[in-house]
Amino acid sequence: MLDLGFVRENIDLVKDSLNKRATEAPIDEFADIDIKRRELIQEVESLKQIRNEESSKIGLLKRDGKEEEAQKVIRKMGEVADKIKDLDEKLKEYNQRLEDIMLRIPNIPNQDVPVGKDEEDNVCVRTWGEPTEFDFEAKAHWDLGVDLDILDFERGAKVTGSRFTFLKNLGARLERALISFMLDIHTGEHGYQEIFPPFIVNSESMTGTGQLPKFEEDAFKLSGTDYYLVPTAEVPVTNMYRDEILAADDLPIYHTAYSACFRSEAGSHGRDTRGIIRQHQFNKVEMVKFVKPEDSYDELEKLVQNAETILQRLELPYRVVTLCTGDLTFSSAKTYDIEVWLPSYDTYREISSCSNFEDYQARRAGIKYRPEPNASTEYIHTLNGSGLAIGRTVAAILENYQNEDGSVTIPKALRGYMGGVEKINI
RNA sequence: GGAGAGAUACCCAAGUAGGCUGAAGGGGCGGGUUUGCUAAACCUGUAGUAGGGAAUUAUCUCUAGCGAGGGUUCGAAUCCCUCUCUCUCCGCCA
């Protein structure tokens with residue numbers, strides 16, 4: 001959420017940001033609602049001031065035994081009370097409308113985010129490694145997985161539905177190995193504290209990080225409850241500190257968390273229907289940071305490097321791109337995507353997304369810190385990034401490490417986590 | 001699921017015959033005095049916040065706020081209702 005006063009004073013800048021993002025928000029209503037709301041506030045608050053003053057007079061009159069005079073004031077105040085009740089109800093409607101508008105305005109992109117329409121306009125920052133080349137006909141991971149008996153799409157579809165898959169044998173083991181591998185590096189080498197979060201959160205948490213109210217259709221809601229399956233560990237982990245004032249000495253806070261992630265994938269019917277690139281349920285190791293505002297852009301660079309480290313250890317070729325304004329997610333001020341080389345797609349595909357939300361999520365979620373003792377509180381900055389999406393990492397390993405005989409070599413860094421297995425054979 | 005108890009500021013905690021209590025008292029934290037330093041003692045300041053208004057960058061003022069949301073009332077931390085969470089005991093259970 002943006003600051004109310006900021007939006008009021010910079011309405012053109014906000015509109016410009018919406019244009020650059022190629023998105024919409026009910027911004028035209030803002031000025032009208034904002035003005036009417038403030039008029040109402042003035043009216044009702046001056047009445048409340050009168051009520052407060054007169055009511056304490058009634059108390060004094062009664063204490064002095066001047067019952068008749070007290071009754072006179074009480075009668076008069078009865079009308080005022082009715083009027084207040086009436087205005088308060090109206091004001092409540094305006095407040096809710098204004099809050100809804102505010103919650104639907106996306107973050108302002110940072111100045112150095114390239115302006116662009118869609119992913120075509122993202123800017124490549126660097127590449128690492130070379131796209132893998134084969135001197136035989138390479139298979140896609142969905143064929144490799146079935147042939148190796150480690151992925152079972154048909155039974156996934158039978159037991160649940162499309163975009164659900166069983167992992168079997170060394171495939172299941174590989175999934176588990178990657179989770180441990182990544183968590184160990186982030187905790188052991190990058191200074192993150194490990195968290196195992198709830199996989200179900202309430203609507204307040206979903207609002208805090210920006211999934212609600214605008215993207216309700218992307219989430220799985222538990223029927224008859226206020227609960228949602230987490231679309232990413234970002235939601236529970238960022239909301240851990242919702243409505244809290246953090247000690248300045250405790251910052252920065254780095255958390256890393258494994259979670260399953262659940263996404264309805266509304267609006268992406270027909271995309272990535274084969275394989276495990278786009279599933280309703282997938283695993284992810286996430287990194288979340290809570291930092292002082294002045295440090296957040298340095299922290300973003302470090303965050304990306306932390307994610308890159310994983311790919312480098314796995315020796316998977318990738319590139320880093322800066323998302324342009326049109327491709328930027330709702331809450332983010334700046335995002336780097338890391339894209340891994342996927343031979344079956346003959347291109348790079350997103351495997352990590354690292355974002356600086358500045359104070360946007362912190363304002364929504366009420367996460368503050370006190371810079372100096374007795375100073376007033378300020379919103380902290382939040383960041384998060386995948387480190388990495390496990391399913392896509394499995395796909396990348398299968399495809400990039402495949403051999404001519406249909407076997408898949410296990411990356412060296414992972415063998416200790418695979419019980420020494422060096423190769424998955426048919 | 002059953003039976004109790006509770007939720008007050010950064011933390012602990014007092015406060016029910018509703019009325020100058022937005023809240024006693026501690027602790028912590030900030031400032032100060034004493035002191036060669038530390039420790040200690042004493043003095044003192046501590047709703048932070050959100051939203052209005054006036055002024056303007058120094059401030060002043062109002063409204064809200066005692067878990068959340070309703071209700072009663074001229075007036076609610078205090079009375080009534082609903083909900084959430086925490087704790088204790090019982091039952092059940094991975």
Side-chain angles (χ1 to χ4, degrees), chain A residues 1-9 30-103 196 198-208 222 224-228 236 239-251 253 260 290 359-380:
Chain A
M1 190 157 56
L2 300 174
D3 178 69
L4 180 62
F6 175 86
V7 175
R8 189 178 294 148
E9 284 158 30
F30 176 86
D32 185 47
I33 303 273
D34 181 53
I35 288 167
K36 281 189 180 145
R37 169 178 166 273
R38 280 188 288 163
E39 284 169 359
L40 263 177
I41 286 173
Q42 286 179 51
E43 197 180 347
V44 73
E45 286 192 351
S46 65
L47 285 176
K48 283 180 180 175
Q49 187 178 355
I50 290 168
R51 181 187 68 186
N52 289 346
E53 287 165 1
E54 296 299 310
S55 290
S56 61
K57 274 186 204 162
I58 291 168
L60 293 178
L61 286 171
K62 284 197 167 186
R63 174 184 295 181
D64 297 342
K66 298 174 181 169
E67 191 60 35
E68 239 171 80
E69 284 181 54
Q71 286 306 325
K72 225 154 74 183
V73 184
I74 287 173
R75 275 195 295 277
K76 206 170 68 186
M77 284 302 104
E79 294 167 28
V80 174
D82 289 344
K83 183 83 178 158
I84 288 173
K85 196 172 172 183
D86 189 45
L87 290 175
D88 263 341
E89 262 167 50
K90 273 190 198 145
L91 181 58
K92 195 173 160 187
E93 285 170 31
Y94 277 93
N95 280 335
Q96 282 170 349
R97 186 71 198 111
L98 189 69
E99 196 197 353
D100 186 66
I101 291 171
M102 291 300 290
L103 288 174
F196 201 114
F199 292 179
I200 294 175
V201 295
N202 59 31
S203 61
E204 235 178 302
S205 295
M206 291 287 276
T207 305
L222 297 188
T225 72
D226 185 43
Y227 291 162
Y228 294 81
N239 279 282
M240 274 176 75
Y241 302 109
R242 173 149 50 80
D243 296 321
E244 291 191 27
I245 298 168
L246 304 175
D249 289 348
D250 291 342
L251 299 178
I253 295 171
F290 305 83
D359 64 5
Y360 187 86
Q361 290 183 327
R363 187 174 288 106
R364 283 176 164 250
I367 311 173
K368 300 180 166 186
Y369 82 113
R370 203 177 296 283
E372 302 289 336
N374 278 24
S376 56
T377 55
E378 278 180 37
Y379 291 110
I380 51 114

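Proteins get letters first, then strands, A, B, ... in listed order; numbering begins at 1 in each.
- Judged by distance alone, with hydrogens and angles left aside, the side-chain atoms of A:R51 form no donor-acceptor pair with the main-chain N or O of A:M77 at under 3.5 Å.
- In this structure, B:rA7 and B:rU84 make a Watson-Crick or G-U wobble pair, each of the two defining distances being under 3.5 angstrom.
- Judged by Watson-Crick or G-U wobble contacts below 3.5 Å, the nucleotide B:rC20 has no partner.
- Residues from residues 76-88 of chain A lying near RNA chain B, meaning a heavy-atom separation below 4.0 Å, are A:M77, A:G78, A:A81, A:K85 in numerical order.
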Step by step, work out the side-chain hydrogen bond (donor to acceptor under 3.5 Å, both in side chains) result for A:N52 and A:S55.
CA-CA 5 Å; A:N52 289 346; A:S55 290; 5.8 Å; no

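- Enclosure of atom CD in A:E53 by more than 12 non-hydrogen atoms of other residues, nucleotides or ligands within 6.0 angstrom is indicated.
- In terms of position along RNA chain B, the nucleotide closest to A:L60 lies nearer the 5' end than the nucleotide closest to the other residue of the pair A:L60 and A:L4.
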Heavy-atom protein contacts under 4.0 Å, nucleotides 78-87 of chain B, coded B base, S sugar-phosphate only, - none
----------

Would you mind building the protein contact string for nucleotides 53-70 of chain B? One character per nucleotide, 5' to 3', B for base within reach (heavy atoms under 4.0 Å), S for sugar-phosphate only, - for untouched.
S--------BBS-----S

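- As a whole-Å value, the separation of A:K62 NZ from B:rA17 C1' is 14 Å.
- The two residues A:N239 and A:E204 make their nearest non-hydrogen contact at OD1-O, 4.3 Å.
- The closest side-chain donor-acceptor pair between A:Q71 and A:E67 falls under 3.5 angstrom.
- Side-chain nitrogen and oxygen atoms of A:K368 include none within less than 4.0 Å of the OP1 or OP2 phosphate oxygen of B:rC10.
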